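The figures here come from the full heavy-atom set of this structure, side chains too, leaving out hydrogens, waters and symmetry mates. Keep in mind the model is a prediction, meaning the values are calculated, not measured. In what follows, every chain begins at residue 1, and chains take the letters A, B, ... in the order their sequences are listed.
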Protein chains: 2
Amino acid sequence: MSQQPRAEETRSRILTAAQESFARYGYDATGVAEICRLANVSKGAFYHHFPSKQAVFLELLNRWLAELDTQLETVRASAETVPEGLVRMAGMARLVFQAADGQLPIFLEFWTKAAHDPAVWQAMIAHYRRYQAFFADMIKAGIAEGTILPIEPETTAQVIVSLAVGLVLQGLLDPHGADWGQVAQEGIRMILDSIGSNDQ
Amino acid sequence: MSQQPRAEETRSRILTAAQESFARYGYDATGVAEICRLANVSKGAFYHHFPSKQAVFLELLNRWLAELDTQLETVRASAETVPEGLVRMAGMARLVFQAADGQLPIFLEFWTKAAHDPAVWQAMIAHYRRYQAFFADMIKAGIAEGTILPIEPETTAQVIVSLAVGLVLQGLLDPHGADWGQVAQEGIRMILDSIGSNDQ
DNA sequence: AGAAACAGACCGACCGGTCGGAATGATAAT
DNA sequence: ATTATCATTCCGACCGGTCGGTCTGTTTCT
C-alpha cells in the first residue's frame, strides 16, 4: 500500500490528527480540512491514503478496539484467580481515566455513530460480543476453579460490561465529579461480594 | 407565548418530529427542513417558535430529564423499604427498553452533545448530579431504616447510576442481544446482596 | 521513465437561518 | 352585522457559508 517510507508517516499523522479532533470536537464538527491542517498535510495527501473521512474513523475504531482486546487479555493471563483478575481490571480503569484524558470522548463518538451507521455498527458489535464472551468465560473459569458461585455467567458478564460502559460515560461527562477509578473498584467488589464463593 | 390555540399544536408537532428524527438519524444528520417536512410545517413557522435548532434539542432534553425525575420520585414514594424501591426501579427498566423503542437513541445524542456543547452540558450535569444525590439519599435512608449496611452512600450511588447508564447504552447497541430488563434486575440484586443487611 | 506521493484550487450539494409578505383570527369601532 | 385594525402565526424563496470529495497538475522516490 505504501511503498515510500514517508508515506506511512503521513498516514500516521493523519490518523493522530483525526483522533484528536474527533475527540475534541466530535466527528461531524471535524472537517477534513481541519484534520489536514493539524496533520500538516494537503487534502490530496489525505484522499490519497484514505477513501473517505469515514474510513479514517473506522480505522481508529478498529485500532481502539484491538488495543482494548490485548489489554484485557494481558490482565487475564497475568492473574492467578478470576476474582483477582477482575479486581485488577477495575484497577486498570484508573489508568484509563487519567492516561486517556483526551481520548475518552472518541469512545462516545464510536457509540453514537454505531447507533446510526451500519458499517460502524458491525465493526462495533463484533468486538462487543467478544467482550461479553470474554467476561462470561472468565466467570465460567471462576466457577470451575471454585472461586465463584455457580451462577449464570452470561448475565453476570452483562452486568460487568454495563458497569464498565456506564463508568466510562460518567467519567466523560463529569471527570472531576468522583474518583471513578475507585467507583470501579467498589462496583467490582460488590459484584464479587455477591457471586464469589467463601472458600478461597 | 402562544396566544392562539393552533400555535401550541404546531409547536408540539415540531417537537415530536424533531424527537423522532433526532432519534432515528442523529442531531447533525437531521436538517431543519426535514423536521419541518415531518411536522407539516414551514421553516418560517419553525423559526417563529424556536430561535434555533439547538433550542429544540435543549427543550427535548429538559422534557426527557424532567419525566425521568418524576418517574423515579414516584417509585421511591410508592416503596415500603429502600431495597424494595431499588428492585422496583430495576423492574421499570423493562418498560423503558420496550416502550421507548425508538426513543432511546436520543439519549445518546444528549450525552454526545453534552460532551462538546457547554449549554447542553450544563443542562445535563444539573439533572445528573441530582440523580447521584437521589440515589445517595436512598442509600442513606436505607441505612437509617436498617435495611442497608453502613457503607459510603455516594460511591454506591455512583455504582448504581453507572449500571443504569451502561444498561441503556448496551440496550441501544444490541437490543436483542440480551434481556436487558433481567440484567438490570440481576445487577441490582447483586448490589443489594452486597450492601443489604440480613435483618429485614 | 514511471509510479507513488503530495499539493491545493475547485465544485456541487447542502444546511441553518433570514426575510418580506400573506393568511388567520381576535377585537373593536361603525 | 359588517368592516377596519392589528398582532400573531405561518409561508417558502433565498442567502452566505461550509463541507466532503474531485481533479489537474507537480514533486519525490525507485
Side-chain angles (χ1 to χ4, degrees), chain A residues 1-61 106 109 112-113 116-120, chain B residues 1-61 106 109 112-113 116-120:
Chain A
M1 182 166 291
S2 70
Q3 302 182 358
Q4 295 177 18
R6 85 186 234 253
E8 193 55 41
E9 210 234 297
T10 300
R11 208 184 135 82
S12 160
R13 280 218 310 279
I14 292 173
L15 284 168
T16 304
Q19 173 157 350
E20 282 179 16
S21 201
F22 287 162
R24 189 186 302 271
Y25 307 110
Y27 178 83
D28 291 302
T30 297
V32 173
E34 171 70 5
I35 297 174
C36 292
R37 202 183 56 79
L38 283 179
N40 265 90
V41 150
S42 74
K43 239 177 182 184
F46 181 97
Y47 280 100
H48 175 73
H49 288 284
F50 298 95
S52 66
K53 180 181 162 187
Q54 163 166 321
V56 176
F57 185 75
L58 277 174
E59 177 146 345
L60 286 174
L61 172 60
I106 207 176
E109 296 297 319
T112 308
K113 278 290 158 195
H116 300 300
D117 184 326
V120 177
Chain B
M1 183 167 292
S2 69
Q3 302 181 358
Q4 294 178 19
R6 87 187 231 253
E8 193 55 41
E9 211 233 296
T10 299
R11 209 184 133 82
S12 158
R13 279 218 311 279
I14 291 174
L15 283 168
T16 304
Q19 172 155 351
E20 282 179 16
S21 202
F22 287 161
R24 189 185 302 270
Y25 306 110
Y27 177 84
D28 291 303
T30 296
V32 174
E34 171 70 6
I35 298 174
C36 292
R37 203 183 55 78
L38 283 179
N40 265 92
V41 150
S42 74
K43 237 176 181 185
F46 181 98
Y47 280 100
H48 175 76
H49 288 285
F50 298 96
S52 67
K53 181 181 161 188
Q54 163 167 318
V56 176
F57 186 74
L58 277 174
E59 176 145 347
L60 286 175
L61 172 60
I106 207 175
E109 296 296 320
T112 308
K113 278 290 157 194
H116 300 301
D117 184 328
V120 177

**Student:** If you compare every side-chain N and O of A:His49 against the phosphate oxygens of C:dC6 (OP1, OP2), does one of them come in below 4.0 Å?
**Tutor:** yes
**Student:** Check the distance between C:dC6's C1' and A:Arg37's CZ and give it to me in whole angstrom.
**Tutor:** 19 Å
**Student:** Report the nucleotide, chosen from D:dT9, D:dC29, C:dC10, that has the shortest atom-to-atom distance to any side-chain atom of B:Ala7.
**Tutor:** D:dT9
**Student:** Look at A:Thr10 and C:dC6 and indicate whether a side-chain polar atom (N or O) is within less than 4.0 Å of OP1 or OP2.
**Tutor:** yes
**Student:** When the distance from CG of A:Asp28 to C1' of D:dT18 is rounded to whole Å, what number comes out?
**Tutor:** 13 Å
**Student:** Check whether A:Lys53 reaches the backbone of A:Tyr27 with its side chain - one donor and one acceptor, N or O, closer than 3.5 Å.
**Tutor:** yes
**Student:** Quick check: are there more than 12 heavy atoms from other residues, nucleotides or ligands sitting under 6.0 Å from OH of A:Tyr25?
**Tutor:** no
**Student:** Between D:dC14, D:dG20, D:dC10, which one does the side chain of A:Val32 approach most closely?
**Tutor:** D:dG20
**Student:** Return the value, rounded to whole Å, for the distance between atom CD1 of A:Ile35 and atom P of D:dC19.
**Tutor:** 11 Å
**Student:** Can you measure A:Glu9 atom CD to D:dT28 atom C1' for me and round it to whole angstrom units?
**Tutor:** 15 Å
**Student:** Just the rounded figure in Å: distance from C1' of D:dC19 to CD of A:Gln54.
**Tutor:** 16 Å
**Student:** Any base atoms under 4.0 Å from A:Gly44, or only sugar-phosphate, or nothing? Heavy atoms, all strands.
**Tutor:** base
**Student:** With a 3.5 Å distance limit and no angle check, can you tell me whether B:Ser12 reaches the backbone of B:Glu8 through a side-chain donor-acceptor pair?
**Tutor:** no
**Student:** C:dA5 phosphate, OP1 or OP2: any side-chain N/O from A:Arg11 under 4.0 angstrom?
**Tutor:** no
**Student:** Using modelled atom types and a 3.5 Å cut-off, is there a donor and acceptor pairing between side-chain atoms of B:Thr30 and backbone atoms of B:Ser21?
**Tutor:** yes
**Student:** For C:dC6 and A:His48 - does any side-chain N or O of the residue sit under 4.0 Å from the phosphate oxygens OP1/OP2?
**Tutor:** no
**Student:** In this structure, which one of A:His49, A:His48, A:Glu59 forms a side-chain hydrogen bond (donor to acceptor under 3.5 Å, both in side chains) with A:Arg11?
**Tutor:** A:Glu59
**Student:** Of the candidate nucleotides D:dC14, D:dG21, D:dC11, which contains the atom at the shortest distance from the side chain of B:Lys43?
**Tutor:** D:dC14
**Student:** Rounded to the nearest Å, what distance is computed from the CD atom of residue B:Glu8 to the P atom of nucleotide C:dT24?
**Tutor:** 20 Å
**Student:** Starting at CG of B:Asp117 and ending at C1' of C:dG16, how long is that distance when rounded to a whole Å?
**Tutor:** 15 Å
**Student:** For B:Arg6 and for B:Ala29, find the nucleotide of DNA chain C with the closest heavy atom, then tell me which residue's nucleotide is more 5'.
**Tutor:** B:Ala29
**Student:** Of the nucleotides C:dG17, D:dT28, C:dA9, which has the atom closest to the B:Tyr47 side chain?
**Tutor:** C:dG17
**Student:** Is a donor-acceptor contact shorter than 3.5 angstrom present between the side chain of B:Lys53 and the base of C:dG17?
**Tutor:** no
**Student:** Provide, to the nearest angstrom, the distance between the CZ atom belonging to B:Phe50 and the C1' atom belonging to D:dT9.
**Tutor:** 14 Å
